[in-house]
Amino acid sequence: TAVILDEIHHAGDQATWGAALRGAFGAARYRIALSGTPFRSDGTAIPFVTYRDGLSVADFSYDYAAALRDGVCRALVFPLHGGEAEWTSRDGEAMQASFDTGLARRHESERLRTALTQPNWVGDVLQKAHLRLLGVRASGQRDAGGLVAAMNQEHAHFIAALMQRRIGVNPAIVVSDFEDASRRITAFGRSRDPWIVAVHMVSEGVDIPRLRVGVFATNVVTEMYFRQFCGRFVRTLGLANEREAYVFGADDYRIRALAARITVDVR
């Protein structure tokens, strides 16, 4: 029997899924394990994957750089937005810091979360992203769309209201609590609507090729989540003038580092 396991990174070797997969398919003669992110955020091993010095070793790989060379993926550009935030820390201390300021780890997360909930800061980022989207549409892809990743359901509605005030757009909203979430995503993909705001709903497995501009407005800064978000914007449609896609975000050093790793492939 040949077994094909898609997105194998969802299974951890010591977790329930990993044990179940080994029990079910350990004796299979052929196994093809596929993943665009061949690592786990918790650092645990993935079933049926070979490791060397703690890193997964692929039998075959087709990476982002190769896809760019073949013209099947767009190059990602990362306009990151700096600024300053003021907040009260968990221990009651009044804080003020720009994204260039070095902070303790707990304060770094507080700074990012504060910026993502400040109407002026978020509004400026959304406005710049929308102007970029309008430029993409004017250059030929008239149905180009944008995606905002929000922190939670309340934050998604905050962003939607802010978009309505700042740029005059009433975006689609998709959160896991909506029973018709999948239908909303499908409907947006087939429409020419400019923006959709989502919470953990538009990641891997969701294919909306017309997406060209993203706003990473979440405080989840793991490499896996960031790469999955960026992956929503890279698929080409075979049109002229679609060589680039844009992901806007905070100039937080963690996001900057994640973006830099992808930029290396682009260069």
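This one's a predicted model, so the numbers in the text were calculated from it and none came from an experiment.
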Are side-chain heavy atoms of Phe248 and Leu80 found at a separation under 4.5 Å? no
Do Tyr62 and Asp70 have a side chain donor and acceptor closer than 3.5 Å? yes
Working to the nearest 0.5 Å, report the span between CZ of Arg166 and CG of Asn120. 6.5 Å
4.5 Å side-chain heavy-atom contact, Leu103 and Glu110: no
His130 side chain to Gln127 side chain, donor-acceptor N/O pair below 3.5 angstrom: no
Just to verify, which of Tyr225, Phe233, Phe226 counts as forming a ring-ring contact (aromatic ring centres under 6.0 Å, His included) with Phe229? Phe233
Evaluate the criterion side-chain contact (heavy atoms from CB on, under 4.5 Å) for residue pair Ile255 and Phe216; output intermediate values, then yes/no. CA-CA 9 Å; Ile255 297 174; Phe216 194 70; 4.1 Å; yes
Do Asp143 and Arg137 pass the salt bridge (Lys or Arg N to Asp or Glu O under 4.0 Å) test, and can you show the C-alpha distance, the side-chain angles, and the key distance before you say yes or no? CA-CA 7 Å; Asp143 68 343; Arg137 287 187 163 205; over 6 Å; no
Set out, in order, the CA-CA distance, both residues' side-chain angles and the distance that settles side chain to side chain donor-acceptor pair (under 3.5 Å) for His10 and Glu7, then state yes or no. CA-CA 6 Å; His10 282 295; Glu7 306 292 7; 5.4 Å; no
Side chains of Thr44 and Asp42: is there a donor and an acceptor less than 3.5 Å apart? yes
May I ask you to test the Thr218-Val220 pair for a side-chain heavy-atom distance under 4.5 Å? yes
Checking Thr1 against Arg31: is there a side-chain donor and acceptor pair closer than 3.5 Å? no
Answer yes if the side chains of Arg212 and Gln141 hold a donor-acceptor pair under 3.5 Å, and no otherwise. yes
Side-chain heavy-atom pair Ile46, Arg40 within 4.5 angstrom cut-off: yes
side-chain contact (heavy atoms from CB on, under 4.5 Å) between Thr101 and Arg111, intermediate numbers included: CA-CA 10 Å; Thr101 306; Arg111 174 180 55 192; 4.1 Å; yes
